[in-house]
2 protein chains.
Amino acid sequence: MGHRDGFEKPGSRAENREEIERAILNAAEEVFAQKGFGGATMQAIADACHLPKANLHYYFSSKETLYRRVVERIFTIWLEAADSFETSATPDVALRRYITRKMQLSREHRYGSKVWANEVMHGAPIIHDYLETSLRRWTETRIAVIRRWSAEGAIHDVDPRWLLYMIWSTTQHYADFAHQIETLNQGPLSDAQWVSATETVCQIILRGIGLNGDGLDGVAPL
Amino acid sequence: MGHRDGFEKPGSRAENREEIERAILNAAEEVFAQKGFGGATMQAIADACHLPKANLHYYFSSKETLYRRVVERIFTIWLEAADSFETSATPDVALRRYITRKMQLSREHRYGSKVWANEVMHGAPIIHDYLETSLRRWTETRIAVIRRWSAEGAIHDVDPRWLLYMIWSTTQHYADFAHQIETLNQGPLSDAQWVSATETVCQIILRGIGLNGDGLDGVAPL
DNA sequence: AATAATCTTGACTGAATGGTCAAGTCTGTT
DNA sequence: AACAGACTTGACCATTCAGTCAAGATTATT
């Protein structure tokens with residue numbers, strides 16, 4: 001048996017295994033995003049990472065196992081991004097950072113976002129427990145923060161839930177509906193367009209709840 | 001042969017046929033929404049409308065034909081709703097109506113919205129041409145209107161596209177992510193919650209672009 | 001070098017599923 | 001009543017696909 005020293009020698013079995021699993025997960029994420037769980041085939045995933053199909057089953061016992069791992073990986077990325085919603089900052093800064101980070105994720109993890117959306121739309125059969133535990137916990141802490149902001153008069157009185165849903169939907173839309181957006185745009189969004197879209201989302205939401213949307217940390221004028 | 005008088009006698013063949021087709025389409029919409037195209041089976045759809053599977057194939061030649069009809073039906077409902085965005089009204093009224101109507105659609109046509117989202121997420125293989133023709137045409141007229149509003153100083157300067165995407169995503173989120181919302185809410189949204197959510201969306205967006213969000217048709221204060 | 005463990009892969013299998021069909025039933029017309 | 005066209009349906013077929021397997025290749029351990 002190998003070493004128990006916690007990290008892997010380059011080229012070692014364990015390291016190689018991780019690398020292959022990552023490659024499979026990446027391929028699976030893309031295929032699941034494009035075809036859905038039912039429409040994806042193990043063969044298509046195998047082709048996408050240039051491995052024989054039987055090999056996938058060596059690393060992941062079943063299609064469902066593989067799918068579950070894909071979804072779990074996405075969820076952790078999402079939770080990490082969620083931490084950019086710092087509860088200590090001013091509403092201005094906290095929301096701006098959070099929205100910006102979520103837009104960035106939509107751009108860089110289009111497939112992950114789509115898989116997540118798919119999963120939730122189909123009733124979250126796999127991740128239902130995550131929703132009820134991790135996601136709920138996270139949401140509740142942020143709701144509390146937003147309530148405090150309201151109470152302090154820092155922002156208008158809004159139901160924190162509707163505000164959060166607005167942020168989630170608006171930002172994720174750029175990943176999930178990328179095809180529609182790109183069709184209307186006659187091509188992918190440019191860097192400048194991403195910046196502009198992000199800025200617009202920030203401004204409308206910040207102004208919408210009574211902050212002045214410009215990037216400067218001013219206080220809302222009377 | 002029957003009559004060519006344009007409408008059907010109650011209980012007539014033609015009327016009965018329409019009724020059955022509608023039942024199948026409704027069942028299909030729900031199953032496609034819940035399982036996706038690949039995950040849905042003709043058998044499941046047949047069960048959902050209490051007909052033998054062979055019968056579906058009498059009315060719709062193939063699964064893809066049935067799916068296409070479902071998507072087309074949704075698209076027309078969507079376009080009709082889109083007309084509530086009256087180009088003649090003031091921004092205040094036009095946007096408020098449109099958002100309200102879209103929220104209502106999300107509540108009443110949850111499955112339709114999900115099928116549409118699914119289709120777009122998977123690259124819109126079936127409806128790509130609709131996006132390029134009808135949807136683009138509709139979008140361009142509204143963009144022009146919003147531009148005019150900006151030019152007249154009625155609303156802040158925003159890229160109309162980002163504003164439209166924001167409205168679409170925020171409202172549709174309540175249908176597409178209903179499961180997540182209901183999980184966090186520990187049950188379906190009440191009537192009051194729907195009203196409250198709708199109101200919040202209206203207010204944030206209207207205020208966000210420089211209108212005063214309250215339902216009264218006031219002019220933005222200086 | 002010998003042995004054991006891990007990994008690779010083409011060929012195969014069983015179940016699920018879209019679609020067909022032919023025999024029958026019902027409905028409207030003459 | 002008789003006929004024709006429309007509708008219904010259980011049984012069936014062909015295909016696709018997740019998952020298995022066994023034989024071989026590669027890598028680690030002694």
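Please read these numbers as outputs of a predicted model, since none were measured by experiment. So you know, we letter chains A, B, ... as the sequences are listed, proteins then strands, and number each from 1.
Rounded to a whole Å, the CD atom of A:E19 is 13 Å from the P atom of C:dC7. The distance from atom CD of B:E18 to atom C1' of D:dC7 is 16 Å, rounded to the nearest whole Å. Distance NE2 (B:H57) to C1' (D:dC13): 13 Å, rounded to an integer number of Å. Residue A:F60 contributes atom CZ, which lies 13 Å from atom P of D:dG19 at whole-angstrom precision.
Taking the six-membered ring for Trp, B:Y174 and A:W168 have ring centres at least 6.0 Å apart. If you look at A:H122 and B:H179, their ring centroids are not closer than 6.0 Å.
Classification of B:R107 and B:D191 as a salt-bridged pair holds, one side-chain N sitting under 4.0 Å from a carboxylate O.
The aromatic rings of B:W162 and B:Y165 are tilted relative to each other, their planes meeting at an angle between 30° and 60°.
Pairs engaging residues 18-54 of chain A under the ring pair (Phe, Tyr, Trp, His ring centres under 6.0 Å) rule: A:F32-A:F37, A:F32-A:Y67, A:F37-A:Y67 [sequence neighbours left out].
Out of C:dG19, C:dT8, D:dT20, the shortest distance to the side chain of B:K63 is found at C:dG19.
Applying the 4.0 Å criterion to OP1 and OP2 of D:dT8, one finds that B:Y58 has every side-chain N and O outside that range. Proximity of A:Y59 to the phosphate of C:dC7: no side-chain N or O atom is located under 4.0 Å from OP1 or OP2. At D:dA6, none of the side-chain N or O atoms of B:R17 fall inside 4.0 Å of OP1 or OP2 (strictly under the cut-off).
Around NZ of B:K63, the count of heavy atoms belonging to other residues, nucleotides or ligands within 6.0 Å exceeds 12.
The stretch residues 32-56 of chain B touches DNA chain C through B:A40, B:T41, B:M42, B:K53, B:A54, each having a heavy atom within less than 4.0 Å of the strand.
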